[in-house]
Amino acid sequence: MKFIPTAVSGAFVVEIDARSDNRGMFARTFDAQSFAAQGLIPVYPQCNITQNHRRGTLRGMHYQAEPRPEVKIVRATRGKVFDVALDLRPDSPSYLKWASVELDAARHNAFYIPVGCAHGFLTLEDDCELFYQMSQAYVPELARGVRWDDPAFSIAWPFTPSVISERDAALESYSQETSL
C-alpha cells in the first residue's frame, strides 16, 4: 500500500499495490501494521456502506464530536465520487483547508480522514456505493456537520449537487465556537 499525503494534515490517499495474473487481480486493502507504521489508527470496530442512486448526490460535511471523534477510511466499491476531507482542528497547520480525491471502484483507492475533519462526497455517476471503516461507533448525539457550500471553506466541488438530504441542506455555516 502507498500512503500519499494531502493538503490536510494527517489525511492520506491510500493506494493499493495490485498483483495481476491470468486469474485477475489481488491486493491488500487494509493492513493494521502498515497503518500503525504510518502513525495512523489501525483499529476499526465499525464498518458502514452507503448506496447512492443518482449522479449529483451530496452527503456531508459530517463529523463526530468529542468525546468519541472518529477516523474514517472511505472507499468506493461501485462507481466514482468526489470525496472531501475538511480540517476543523484549530491547532492544525491545515486548519480550514480541504483535500479531495476521486474515489474510483476500478482503482480501489481509499481516503484516510483523521479525527477532527469533516467528511463529505459528491457522486460523479449513477449507482455509487461507498464502504467506510470507522474508528468509533456512531453516537447520534455527537453527530455534527457544516455546510457543504460554506464560503469559509470554498470547497471546489466539480458541479452543484442535485440530490441532498433536508438535514444536510439545513446544516449551518461554520463557527469555531460550535465546532469539534
Side-chain angles (χ1 to χ4, degrees), residues 1-20 24-64 68-89 92-94 97-138 143-146 148 153 155-158 161 168:
M1 284 179 284
K2 296 178 192 131
F3 297 87
I4 302 164
T6 69
V8 169
S9 180
F12 293 87
V13 176
V14 182
E15 293 184 349
I16 63 169
D17 184 19
R19 311 223 186 242
S20 298
M25 183 273 291
F26 174 85
R28 182 171 292 123
T29 60
F30 178 78
D31 176 64
Q33 288 180 329
S34 296
F35 274 71
Q38 291 290 320
L40 307 178
I41 300 292
V43 178
Y44 298 87
Q46 181 173 311
C47 295
N48 305 315
I49 61 170
T50 179
Q51 293 182 323
N52 307 275
H53 302 295
R54 292 185 25 214
R55 177 184 188 273
T57 299
L58 183 128
R59 293 185 188 242
M61 300 294 295
H62 306 144
Y63 63 97
Q64 188 160 286
R68 306 266 318 256
E70 60 196 6
V71 169
K72 296 177 183 176
I73 302 173
V74 184
R75 177 182 310 279
T77 53
R78 185 171 55 239
K80 294 179 189 175
V81 303
F82 181 82
D83 205 70
V84 176
L86 170 63
D87 194 343
L88 297 177
R89 303 166 292 182
S92 170
S94 56
K97 290 190 166 82
W98 59 274
S100 67
V101 61
E102 182 178 289
L103 295 179
D104 182 346
R107 288 197 345 241
H108 310 285
N109 58 339
F111 202 8
Y112 178 93
I113 301 165
V115 163
C117 291
H119 170 254
F121 66 87
L122 179 66
T123 59
L124 300 176
E125 54 191 46
D126 289 342
D127 240 358
C128 291
E129 180 180 271
L130 275 72
F131 176 78
Y132 292 65
Q133 291 172 258
M134 311 294 287
S135 67
Q136 294 286 334
Y138 177 67
R144 304 285 189 277
V146 294
W148 65 275
F153 315 129
I155 298 171
W157 298 97
D168 287 352

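Note that the coordinates shown come from a computational prediction; the quantities given were computed from them, not determined experimentally. Only this structure's heavy atoms are used, side chains among them; waters, hydrogens and symmetry mates stay out. This chain uses plain numbering: 1 for the first residue, then up along the sequence.
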- Side chain R75, main chain L103, donor-acceptor under 3.5 Å: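 No: the side chain of R75 does not pair with the backbone of L103.
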
- Item | Under 3.5 Å donor-acceptor, N109 side chain and D104 backbone |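 Yes, the answer is positive, given that a donor and an acceptor are paired below the 3.5 Å cut-off.
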
State, yes or no, whether a side-chain contact exists between [X] and [Y] at a heavy-atom distance under 4.5 Å.
{"X": "I155", "Y": "M61", "value": "yes"}
{"X": "V14", "Y": "F3", "value": "yes"}
{"X": "L86", "Y": "Y63", "value": "no"}
{"X": "C117", "Y": "R89", "value": "yes"}
{"X": "Q51", "Y": "E129", "value": "yes"}
{"X": "F153", "Y": "L88", "value": "yes"}
{"X": "D83", "Y": "I113", "value": "yes"}

Shortest non-hydrogen contact from [X] to [Y]?
{"X": "R55", "Y": "D126", "result": "N-OD1, 2.8 Å"}
{"X": "P42", "Y": "A32", "result": "CB-O, 3.5 Å"}
{"X": "A99", "Y": "V8", "result": "N-CG2, 3.5 Å"}
{"X": "W148", "Y": "P161", "result": "CH2-CD, 3.3 Å"}
{"X": "S135", "Y": "P45", "result": "O-CD, 3.5 Å"}
{"X": "C128", "Y": "G79", "result": "SG-CA, 4.0 Å"}

Measuring from [X]:[atom1] to [Y]:[atom2], what's the distance to the nearest 0.5 Å?
{"X": "L130", "Y": "K72", "atom1": "CG", "atom2": "NZ", "value": "10.5 Å"}
{"X": "Y132", "Y": "T77", "atom1": "OH", "atom2": "OG1", "value": "11.0 Å"}
{"X": "L122", "Y": "F82", "atom1": "CG", "atom2": "CZ", "value": "8.0 Å"}
{"X": "Q133", "Y": "I41", "atom1": "CD", "atom2": "CD1", "value": "12.5 Å"}
{"X": "F121", "Y": "T57", "atom1": "CZ", "atom2": "OG1", "value": "8.0 Å"}
{"X": "S94", "Y": "D87", "atom1": "OG", "atom2": "CG", "value": "3.5 Å"}

- Message: Can a side-chain donor-acceptor contact be found between N52 and T123 if the only test is distance below 3.5 angstrom?
- Response: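 There is no such pair between these side chains.
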
- Query: Taking Q136 as the fixed residue, which of R68, Q64, E70 is the one that meets the side-chain hydrogen bond (donor to acceptor under 3.5 Å, both in side chains) rule?
  - Reply: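 Option passing the side-chain hydrogen bond (donor to acceptor under 3.5 Å, both in side chains) with Q136: R68.
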
- Message: T29: which residues meet the side chain to side chain donor-acceptor pair (under 3.5 Å) condition with it, sequence neighbours left out?
- Response: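 T29: no side chain to side chain donor-acceptor pair (under 3.5 Å) contacts found.
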
- If you look only at pairs with a residue in residues 38-48, which of them pass as a side chain to side chain donor-acceptor pair (under 3.5 Å), with sequence neighbours excluded?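 Qualifying pairs: Q46-N48.
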
